[in-house]
Amino acid sequence: MTRLSVEMLAADTVDPITSAGHAQLGIAVLVGIAVLVLLITKTKLHAFLSLTIGSLALGAVAGAPLDKVITSFSAGLGTTVAGVGVLIALGAILGKLLADSGGADQIVDTILARANNRTMPWAMVLIAGIIGLPLFFEVGMVLMIPVVLLVAKRGNFSLMRIGIPALAGLSVMHGLVPPHPGPLAAIDAVHADLGITLALGVLIAIPTAIIAGPVFSRVADRWVSVTPPDRLIPTRPSEELERRPGFGVTVLTVLLPVVLMLIKALVDIVVDDPENGVQRVADVIGNPLIALLAAAIVGMFTLGRAAGFTRDRISSTVEHSLAPIAGMLLIVAAGGGFKQTLIDIGVGKMIMDISEDWNVSALLLAWLIAVAIRLATGSATVATISAAGLMTPLAADMSSAHVALLVLSIGAGSLFFSHVNDAGFWLVKEYFGMSVGQTVRTWSVMETIISVVGLGFVLLLSLVI
């Protein structure tokens with residue numbers, strides 16, 4: 001779907017499909033989110049089905065005709081897939097090439113070889129930040145945890161001192177920096193500029209990861225002391241390879257889409273002339289689709305061929321990278337449908353009308369909404385998509401920089417206090433061999449620090465840009 005057709009669709013859905021008052025719409029939102037939460041947490045229904053049913057419940061309680069609710073949901077689903085789905089797929093291909101070729105291991109080993117006892121926590125957050133750029137959080141965690149456990153065991157390091165920085169680096173990238181699914185979906189929902197959001201996201205992510213990682217790890221180490229469980233140290237992918245790509249070319253490949261998108265954002269600011277040849281070239285190469293496509297194709301040579309992969313092996317790697325993201329794509333798409341349903345029944349206008357009487361920053365309001373949904377559902381992605389849908393009307397009158405900050409405030413809120421309804425909570429608990437209480441005092445507190453500190457930096461930036 002082209003940008004023009006998306007805008008036409010938006011124009012056709014300006015008028016609410018129901019004449020319900022604010023009270024009824026408020027109840028509809030609460031019921032829709034309650035249905036979503038109960039289906040995800042109590043019945044363990046897949047988030048795609050939960051979002052679909054929640055959207056229908058939302059429309060029904062709001063008094064909208066069911067056929068129009070279905071149309072709104074389908075339109076939002078299709079628009080989201082068109083705007084985000086391809087980018088998620090390209091990111092998955094690059095991430096799979098990075099993992100299977102041993103490129104991720106090369107980054108890890110090179111940085112660790114230059115680290116000592118004092119700098120090891122900083123090395124771990126750096127590694128996690130670089131690896132976390134193209135990888136989904138769960139994939140990055142599966143790659144990083146063996147490294148954390150091996151380093152802790154062989155170097156006699158405290159697991160908390162090196163584990164918390166690694167988790168912080170991955171989590172910050174997941175919540176604040178595209179091309180991760182949550183930030184991408186929020187960018188698409190509020191029509192933010194991806195380049196500006198990426199630049200500001202990286203700017204905020206660096207100090208946030210430092211505070212939640214190396215700094216907090218000192219406190220976490222005093223609170224919790226655990227021994228790395230030997231049974232959970234798996235084989236690293238590159239141990240089966242005869243060779244792997246070099247450190248420099250691997251880092252350049254990972255950073256290629258980031259650099260291209262940042263070039264576009266910089267040229268847009270400096271040149272600001274759509275007819276200028278330089279800006280037109282930058283708009284093409286910095287387009288997220290082109291940037292990620294270029295990185296994926298380059299990665300086939302700099303990562304795949306460098307590791308000795310044949311054409312068939314590269315083809316197989318690409319094929320196997322797409323199957324695991326099917327569920328994620330459906331969740332993000334259904335989230336787009338839920339968002340469009342919220343908009344079309346008039347919830348966005350309701351929030352605009354009510355918020356005029358509130359003395360609350362839109363950035364803080366977005367963060368609070370994302371926090372509430374995150375605590376209820378346990379899903380950062382669901383929290384991001386739902387909050388972005390609710391905040392879409394408020395973004396219309398914001399500058400490009402503040403719309404980008406809106407995305408980042410939502411992303412920060414979506415990370416708040418991971419607990420027992422979040423799969424990541426249990427993944428960390430089992431890998432680190434901790435009790436539920438220990439996981440809360442370390443992982444959950446770390447996530448909360450990321451969320452609060454991230455919001456703090458967003459609000460600070462909003463005062464100066």
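All values reported here derive from a predicted model rather than from experimental measurement. Count residues from 1 along the sequence.
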> Tell me, which pairs form a salt bridge (Lys or Arg N to Asp or Glu O under 4.0 Å) where one or both residues lie in residues 71-97, sequence neighbours left out?
Replying inline: Lys96-Asp100
> Between CZ of Arg280 and CD of Glu275, what distance do you get to the nearest 0.5 Å?
Replying inline: 6.0 Å
>> Let me confirm one number: the CD1-CD1 distance from Ile410 to Ile187, rounded to the nearest 0.5 Å.
In response: 10.5 Å
> Which is it for Met173 and Ile131 under the side chain to side chain contact (heavy atoms under 4.5 Å, CB included) test, yes or no, and what are the steps along the way?
Replying inline: CA-CA 9 Å; Met173 291 296 155; Ile131 290 179; over 6 Å; no
Tell me which donor-acceptor pairs under 3.5 Å the side chains of residues 400-409 have, and how far apart each pair is, sequence neighbours excluded?
| from | atom 1 | to | atom 2 | distance (Å) |
| --- | --- | --- | --- | --- |
| His402 | NE2 | Ile465 | O | 3.0 |
| Ser409 | OG | Leu363 | O | 3.4 |
| Ser409 | OG | Leu406 | O | 2.8 |

> Ser72 side chain to Gln340 main-chain N or O, any donor-acceptor pair under 3.5 Å?
Replying inline: no
> Roughly how far, to the nearest 0.5 Å, is the CG atom of Leu170 from the CD1 atom of Ile127?
Replying inline: 10.5 Å
>> Measuring only between side-chain heavy atoms, which start at C-beta, is Met124 closer than 4.5 Å to Ile164?
In response: no
>> Walk me through whether Leu167 and Thr442 qualify under side chain to side chain contact (heavy atoms under 4.5 Å, CB included).
In response: CA-CA 10 Å; Leu167 293 173; Thr442 53; over 6 Å; no
> Looking only at heavy atoms, what is the nearest atom pair of Ala370 and Ser414, with distance?
Replying inline: CB-N, 3.8 Å
>> Looking at every non-hydrogen atom in both residues, tell me the closest pair between Ala166 and Ala128 and how far apart they are.
In response: O-CB, 3.1 Å
> How far does CD1 of Ile70 sit from CG of Leu77, to the nearest 0.5 angstrom?
Replying inline: 13.0 Å
> Side chains of Val453 and Ile450: does their closest heavy-atom pair fall under 4.5 Å?
Replying inline: no
Enumerate, atom names and distances included, each donor-acceptor pair closer than 3.5 Å involving a side-chain atom of residues 195-214, sequence neighbours excluded.
| from | atom 1 | to | atom 2 | distance (Å) |
| --- | --- | --- | --- | --- |
| Thr197 | OG1 | Asp193 | O | 2.7 |
| Thr208 | OG1 | Ile204 | O | 2.7 |

>> Show the nearest heavy-atom pair for residues Pro183 and Thr384, with the distance to one decimal.
In response: N-CG2, 4.5 Å
> Is there side-chain contact between Thr43 and Leu38, with at least one heavy-atom pair below 4.5 Å?
Replying inline: no
>> Could you walk me through whether Leu262 and Leu266 satisfy the side chain to side chain contact (heavy atoms under 4.5 Å, CB included) test, starting with their C-alpha distance in whole Å, then the side-chain angles of each, then the deciding distance to 0.1 Å, before giving a yes or no?
In response: CA-CA 6 Å; Leu262 289 179; Leu266 182 61; over 6 Å; no
>> Return the CG to CG distance between Leu87 and Asp188, rounded to the nearest 0.5 Å.
In response: 9.0 Å
>> Quick one, Leu39 and Leu49 - any side-chain contact, counting heavy atoms below 4.5 Å?
In response: no
Which donor-acceptor pairs under 3.5 Å do the side chains of residues 52-65 make with protein atoms, sequence neighbours left out?
| from | atom 1 | to | atom 2 | distance (Å) |
| --- | --- | --- | --- | --- |
| Thr52 | OG1 | Phe48 | O | 2.8 |
| Ser55 | OG | Leu51 | O | 2.8 |

>> For residues 211-220, which residue pairs pass the salt bridge (Lys or Arg N to Asp or Glu O under 4.0 Å) check, not counting sequence neighbours?
In response: none
>> Less than 4.5 Å apart, side chain to side chain, heavy atoms only: is that true for Ile130 and Leu126?
In response: yes
> Considering residues at least two apart in sequence or located in another chain, which fulfil the side chain to side chain donor-acceptor pair (under 3.5 Å) criterion with Ser50?
Replying inline: none
> Under the side chain to side chain donor-acceptor pair (under 3.5 Å) test, which residues partner Gln279, sequence neighbours left out?
Replying inline: Asp268
>> Would you say that Ile33 contacts Ser386 through its side chain, given a criterion of any heavy-atom pair below 4.5 Å between the two side chains?
In response: no
> Taking everything shown except Lys68 itself, do over 12 heavy atoms lie less than 6.0 Å from its NZ?
Replying inline: no
>> Using the rule given for side chain to side chain contact (heavy atoms under 4.5 Å, CB included), can you reason through Asn287 versus Lys264, listing the C-alpha separation, both sets of side-chain angles and the distance that settles it, and then say yes or no?
In response: CA-CA 8 Å; Asn287 182 284; Lys264 176 187 180 301; 5.7 Å; no
> Taking only residues two or more places apart in sequence, or in another chain, which ones meet His320 in a side chain to side chain donor-acceptor pair (under 3.5 Å)?
Replying inline: Ser316
> How many angstroms lie between atom CE of Met434 and atom OG1 of Thr439, to the nearest 0.5 angstrom?
Replying inline: 4.0 Å
> Of all residues at least two apart in sequence or in a different chain, which pass the ring-ring contact (aromatic ring centres under 6.0 Å, His included) check with Phe416?
Replying inline: Trp367
>> Side chains of Val440 and Phe425, heavy atoms from C-beta outward: is any pair under 4.5 Å?
In response: yes
> What is the minimum heavy-atom distance between Asn276 and Val278, and which atoms define it?
Replying inline: OD1-N, 2.8 Å
> Nearest heavy-atom pair of Ala412 and Ser451: which atoms, and what distance?
Replying inline: O-OG, 2.7 Å
> Side chain of Ser444, backbone of Ser418: donor and acceptor closer than 3.5 Å?
Replying inline: yes
> Among pairs that include at least one residue of residues 442-465, which meet salt bridge (Lys or Arg N to Asp or Glu O under 4.0 Å), considering only residues two or more places apart or in two chains?
Replying inline: Arg374-Glu447
In residues 250-259, what donor-acceptor pairs under 3.5 Å come from side-chain atoms, sequence neighbours left out?
| from | atom 1 | to | atom 2 | distance (Å) |
| --- | --- | --- | --- | --- |
| Thr250 | OG1 | Gly246 | O | 2.6 |
| Thr253 | OG1 | Val249 | O | 2.7 |
| Thr253 | OG1 | Thr302 | OG1 | 2.8 |

> At their closest point, which heavy atom of Leu303 faces which heavy atom of Pro245, and how far apart are they?
Replying inline: CD2-CG, 3.9 Å
>> With a 4.5 Å cut-off on side-chain heavy atoms, are Ile385 and Phe338 touching?
In response: no
>> I'd like to check the side chain to side chain donor-acceptor pair (under 3.5 Å) partners of Thr381; sequence neighbours left out, ordered by chain and number.
In response: none
